[in-house]
Amino acid sequence: MSNVMDTFTAYLEKHVLPIANKLSTQRHLHAIRDAFISLVPITLFGGIATILSSCPTVDENSNAFLLAWSDFVAANSTLLTWANTMTLGALSVYICIGVTYFLCKHYKIDAFIPVVLSTAGFLLICFGPVELGFDAKTANILYLDGKGLLCAIFIAILTVESYHAMREHNVGRISLPPSVPASLSEAFASLVPGIIILAVDTAIFQVFNLMGTILPAFIYTNLAPVFDATDSLGFAIIATALVQFFWFFGVHDAALSGVLGPIRDGGLSLNAAAAAAGQELPNIFTTPFWVYFVVIGGCGSVLALAILLLRSKSKQLRTIGRVGIVPAFFNISEPIIFGVPLMMNPIFFIPFLLTSTVNAIIAYLCMMTGLVAKTFALLSWNMPSIFGAYLSTFDWKAVVLVVALIAIDALLYYPFYKAYEKQLVAQEESEEADAVEAA
Amino acid sequence: MRKVILVCNAGMSTGIMAKKIEEASGNTLEVKAYGEAEFEDHLDGVEMILVGPQIRYLVPNIQEKVSCPVDSIAPQHYGVMNGKAVYQQIIDRIGA
């Protein structure tokens, strides 16, 4: 039986690794992923601003701290909302810059001019002009948050790809005499490609302007069913199971985050904007939902297992529990995944896929029914779930939920863990007996 | 001191490993951990690159970009953060 499973997992690994390689080295997905993981200061700062503005409701019996906090929020609501709106709430601007930068890095071209061009493209296409008088200019910035993400990524890719292609083919390269300094002829070389790109951006703006809209609004309205579908229970289950499946082969979900990143962070930025405006939060499947409620202890939801390992009868498992518990507390699961190992270990295949998926289902249903508040802030994926769950929702019930999920994960892991422990203990005993005999 | 770098997705879990390897080498090696997005900026004087097992599928791509040897860390050493074993792997490859 175990031989059949071993052959089977070895067969799958042979096919999973190339897929992981393809997905994670695809240059656009790669640049998108790097952009998302590099924006920590932006998401963190926006998150703090939202948390500061989310004072729990107070009445005359509240303690002095809460009363002072509530007064602070009342007096500084514009400041706090602005601080969020221009950071996490303007996520698309930074993603546009980030994708441009990392795509340039891939092509090994200097990123400065392309970053300037795609930022200009973003301003042209994603801001909606309202009034452009001489001393009063007003534009709507509705699509700077998660709603503009697709457009931002599109502009970044379009800019770099066309800029790179034009430079490669020397489009509009003005030959200057060799006596002209190199930096000057570089500046001239980007002149024509730059103007062509900006002209295309302007044309895109005009097409939608004539239709009485702007591109991100057009995408957002027409793809509304797709966006709704990515914030559904079914999608949460599929995404979780898929990520876990990769991790079962010890393969990092980086391969998938080029796709999941925009969805999760986009949802977060919309929720943060809604929270800042005091409205109902629209999304459940967000980054904090993922890091604090679904993968508790890192992918594989290994925190529960790490706790079980601490008291294992097997010396090997106890050691791994001790090495892995602290990283797992901070959502780093590699020591447990590679140490136990869970990776490609047929005994753990079922609970490894099941735990995070069950967490996703239960947490999703709790938030959908309003039993637990939805998430609106992300502090850091390394923050232990128990604290992260509270700070991202400001709901004490979220903490109860996380504790319950850890207990459920432990129950799911338990029978499989016990079976594996029995194997290891028998092995350790026979090794000890051999050692005694040899002595 | 000779330089070795570890590469994983964000340089987070290899960060723990890097310290263990430095200890095991008796501080003859300088080991730094970087994320996959940034390691190319830190290649100066690096004699070997070790890749975390979770991104082992990238070994061929990384090898294409650099001239020093590239290996992945065995999962079982990575799991228990066995700095000694990985140190051994390094000196087997590039000599003590």
Side-chain angles (χ1 to χ4, degrees), chain A residues 13-14 16-25 30-31 33-38 40 98 101-102 105-106 108 246-247 249-255 257 298-299 302 316-317 319-324 326-328 330-345 380-382, chain B residues 6-24 31 33-44 49-67 70-87 89:
Chain A
E13 190 197 16
K14 238 173 71 194
V16 167
L17 287 186
I19 296 175
N21 186 305
K22 279 248 165 57
L23 276 176
S24 71
T25 52
H30 196 279
R33 195 187 84 211
D34 287 346
F36 275 95
I37 59 177
S38 307
V40 177
Y101 174 80
F102 285 107
K105 212 170 165 186
H106 168 86
K108 299 196 168 41
F246 271 88
W247 267 109
F249 295 94
V251 171
H252 196 278
D253 59 288
S257 42
C299 283
V302 300
Q316 185 194 328
L317 292 181
T319 313
I320 289 159
R322 279 186 204 142
V323 173
V326 175
F330 295 97
N331 298 327
I332 295 172
S333 58
E334 281 91 339
I336 303 282
I337 292 182
F338 297 120
V340 171
L342 301 176
M343 165 194 171
M344 294 210 276
N345 186 340
S380 148
W381 61 266
N382 285 119
Chain B
L6 308 185
V7 180
C8 72
N9 192 55
M12 205 65 86
S13 67
T14 41
I16 313 171
M17 193 79 211
K19 277 207 191 103
K20 300 267 181 182
I21 302 172
E22 273 186 353
E23 277 166 25
V31 187
Y34 296 106
E36 191 240 322
E38 48 166 12
F39 81 93
E40 283 178 77
D41 301 335
H42 306 275
L43 289 173
D44 254 5
I49 296 177
L50 284 152
V51 177
Q54 65 274 36
I55 56 163
R56 64 189 180 284
Y57 56 87
L58 288 178
V59 169
N61 308 63
I62 293 176
Q63 183 69 76
E64 263 175 36
K65 293 180 184 164
V66 300
S67 52
V70 181
D71 250 351
S72 67
I73 302 172
Q76 64 271 26
H77 299 328
Y78 203 73
V80 290
M81 294 289 158
N82 186 342
K84 255 193 195 145
V86 182
Y87 173 62
Q89 184 184 353

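Note on naming: letters A, B, ... go to the chains in the order of the sequence lines (proteins, then strands), and numbering restarts at 1 for each one.
Nearest heavy-atom pair across A/Val323 and B/Gly79 is CG1-O, 4.0 Å.
The existence of a salt bridge linking B/Glu38 and A/Lys105 is excluded, since no basic side-chain nitrogen approaches an acidic carboxylate oxygen closer than 4.0 Å.
No more than 12 heavy atoms of other residues, nucleotides or ligands lie within 6.0 Å of OH in A/Tyr101, so this atom counts as exposed by the packing criterion.
Note: A/His106 NE2 to B/Glu40 CD = 10.5 Å, rounded to the nearest 0.5 Å. One finds the CZ atom of A/Phe246 at 8.0 Å from the OH atom of B/Tyr57 (value rounded to the nearest 0.5 Å).
Shown here are the ring pair (Phe, Tyr, Trp, His ring centres under 6.0 Å) partners of B/His42, two or more places apart in sequence or in another chain: B/Tyr34.
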Show, in sequence, the C-alpha distance, side-chain angles and deciding distance for B/Gln76 and A/Phe338, and conclude whether the side chain to side chain contact (heavy atoms under 4.5 Å, CB included) test is met. CA-CA 6 Å; B/Gln76 64 271 26; A/Phe338 297 120; over 6 Å; no
Would you sort out whether A/Glu334 and B/Met17 count as a side chain to side chain contact (heavy atoms under 4.5 Å, CB included), showing the intermediate values? CA-CA 11 Å; A/Glu334 281 91 339; B/Met17 193 79 211; over 6 Å; no
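In terms of heavy-atom pairs under 4.5 angstrom with chain B, the leader among A/Val251, A/Ile332, A/Val340 is A/Val251.
Residues A/Pro327 and B/Ile16 form a side-chain contact, since some pair of their non-hydrogen atoms from C-beta on lies under 4.5 Å apart. Looking only at side-chain heavy atoms (C-beta outward), B/Glu36 and A/His252 stay at 4.5 Å or farther from each other.
Only the side chain of A/Arg33 has a heavy atom closer than 4.5 Å to any heavy atom of chain B.
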